[in-house]
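Written out below as structure tokens is the structure these notes cover.
Source: prediction; values computed, not measured. Order of the sequence lines fixes the chain letters, A, B, ..., with proteins taken first and strands second; residue numbering starts at 1 for each chain.
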2 protein chains.
Amino acid sequence: MGRDVKVLVLLEPDPELPPPPLDLLPADVDVVQVGPTPSDEELAGATVLYVWDHRFADLGPILRRTTQLQWVHAASIGVNRLMCPELSAVTLTNSRGVFDTSISEWVLAAVLAHVKDLRETWRLQTETTWTYRTTGRLAGTRAAVVGTGSIGRAIADRLSRLDVRVTLVGRRPGEDPTFGTVHGSDDLVSIAAAVDLLVLAVPLTPGTTALVDAEVLGALGPRGLVVNVGRGPTIVESDLVDALRNGTIAAAALDVFDVEPLPADSPLWAMPNVLVSPHMSGDYRGFEVDMMDVFTDNLERWRRGNSLRNVVDPAAGYVPQ
Amino acid sequence: MGRDVKVLVLLEPDPELPPPPLDLLPADVDVVQVGPTPSDEELAGATVLYVWDHRFADLGPILRRTTQLQWVHAASIGVNRLMCPELSAVTLTNSRGVFDTSISEWVLAAVLAHVKDLRETWRLQTETTWTYRTTGRLAGTRAAVVGTGSIGRAIADRLSRLDVRVTLVGRRPGEDPTFGTVHGSDDLVSIAAAVDLLVLAVPLTPGTTALVDAEVLGALGPRGLVVNVGRGPTIVESDLVDALRNGTIAAAALDVFDVEPLPADSPLWAMPNVLVSPHMSGDYRGFEVDMMDVFTDNLERWRRGNSLRNVVDPAAGYVPQ
């Protein structure tokens, strides 16, 4: 079906990721597994590059060595590490949609565990200590979800289902058929002042870098919880550490960090009011199958000469709505 | 407004409970705070007993000492500790409704924390260890909620909102406008075999004592999670310990136990797959105000000679639907 194709599957540098289920690819596709610096022989004749490892960050050098690559597909939603001037010559697609349910459930888990103080219950359990406390309720609280992509919308949807009053925040103000008024991130300080929970689900772009700083955290206030499932640099990490240390905000649940793995000397590790999650909020058992399905669907379109799904706007750094 | 009334408020034995906000009671009510064995002087003229402490278990002796008490109100939903033959001479009401939202949110917190392996993430965090894993998804899983009272229904409702396929289990089979077919608890073994999650939200009655035993746990299976927010003796605790130890089931989240506080020598404390919660799943900050509101609403009805809300059927041991 359609044109012949040689696909390079780029597997490094993260040794922990599940291997891609290559057996799900059509049998007549030429598949070559490669590392971050493919050989000339590997590159020869390859038109498609499937970046399996979301930590790979050296796409530019590969693209400079070949004019044959036409399509790069990322097994991730965030593609900030792949951004380079050479992308203007190829099509970049991502895996939008795969993590919507799993990440939104992870956010609920982190938020509800905070509201119900489960970490302290487990700590007291390790001390064989029966200590009755009262905890909180989620229903009726207010949340701002920054990010109007499919993950941000899935988070906003699930929080709404649990009777949280959700404000959706995007780059620019607007109206949304599901969530009503969308606020622009320029107003994040005043938005943070009005909510209990600030969830970040934005791609890393120049516009989202350092979006959350000391001023936003100060506005969120001492009962506020920050959850980040997007990319670390959206928060000024040193400001966050200060805010958590000083009680400027109550707590944070973080799945992403400035540097990953989070360095051992980061003060975040030892903070009792921080959840340090190793960039796994979206990765459910079997996710690699659904991830591969997104690619094979696009691969079929590619071979038939049809337009691809989930095409990233290289100027924006994400798939436009 | 209405007849004069002397109310005894029974405050012991649990020293951890928040005090009742007695200032919310009408100013013209005679309120006397008493312990588990009120004096004759305290009892004299009292027609209403408000059992604030849910651990109080000696109602019979009090009722035998007076014929004036006409109404006993419990600041709890479960009233098993108050059951006694002498109750036939008085009206017993409970605080149905107060904990519906908070307990159902606690169940979601416990279930999602299990699905997302948050306890292990926190444990690894204490070791400054970045260990990527894949976890589960809640959507699409199957749950049985045993208990058709307002708490059971609130739990079933919230699980459904998160795309869990819920089976409601009651004493007898029937049809429910919201949840469709209600299964009878006589079928609990086959029901357990068909679900991933078994939630118990039943009052403690002869019919619910030892409802969950080795056979039910065996049917639930090695991926199964048990959550109990009702009363401890609904599960045969020794069977549960064996099932958790042997991997017959995956995990348990327990807010109630055979003996509370859970004795220090219970093996449940040290189990990595058990959440030991000190009977606090319903108790949100400020719950005592809502609890008192339920009582004052009934007190107003009482003084006006109107019928009371939340009247417990002494033969059944709970408020009938």
* To do: Identify whether the distance between the nearest side-chain nitrogen and carboxylate oxygen of A:Arg158 and B:Asp163 falls below 4.0 Å.
  => yes
* Within-4.5 Å side-chain heavy-atom neighbours: A:Tyr284 and B:Thr135 -> no
* How many angstroms lie between OG1 in B:Thr128 and CG in A:Leu268, if you round to the nearest 0.5 Å? -> 11.5 Å
* To do: To the nearest 0.5 angstrom, please state how far the CD atom of A:Glu260 sits from the OH atom of B:Tyr132.
  => 12.0 Å
* Residues two or more places apart in sequence or in another chain: which of them pass side-chain hydrogen bond (donor to acceptor under 3.5 Å, both in side chains) with B:Arg133? -> B:Asp117, B:Thr121
* Any side-chain heavy-atom pair of B:His279 and A:Trp130 under 4.5 Å -> yes
* Salt bridge between B:Glu105 and A:Arg137, side-chain N to carboxylate O under 4.0 Å? -> no
* Structure fact -> Looking only at B:Leu118, B:Leu138, B:Leu275, the option with the highest number of non-hydrogen pairs under 4.5 Å against chain A is B:Leu275
* **With B:His114 via side chain to side chain contact (heavy atoms under 4.5 Å, CB included) - residues at least two apart** => B:Leu225, B:Ala250, B:Ala251
* May I ask you to check whether over 12 heavy atoms, not counting those of B:Arg223, lie within 6.0 Å of atom CZ? => no
* Pick whichever of B:Glu16, B:Lys116, B:Arg119 has the most heavy-atom pairs under 4.5 Å with chain A. => B:Arg119
* Asked: Among B:Val111, B:Leu162, B:Thr126, B:Leu124, which residue forms the greatest number of heavy-atom pairs with chain A at distances under 4.5 Å?
  -> B:Leu162
* Could you pull out the closest heavy-atom pair between A:Ala109 and B:Ala113, with the gap in Å? => CB-N, 4.3 Å
* Asked: Does the side chain of A:Met280 reach to within under 4.5 Å of the side chain of B:Thr134, using non-hydrogen atoms?
  -> no
* A:Thr129 versus chain B, heavy atoms under 4.5 Å apart: side chain, backbone, both or neither? -> backbone
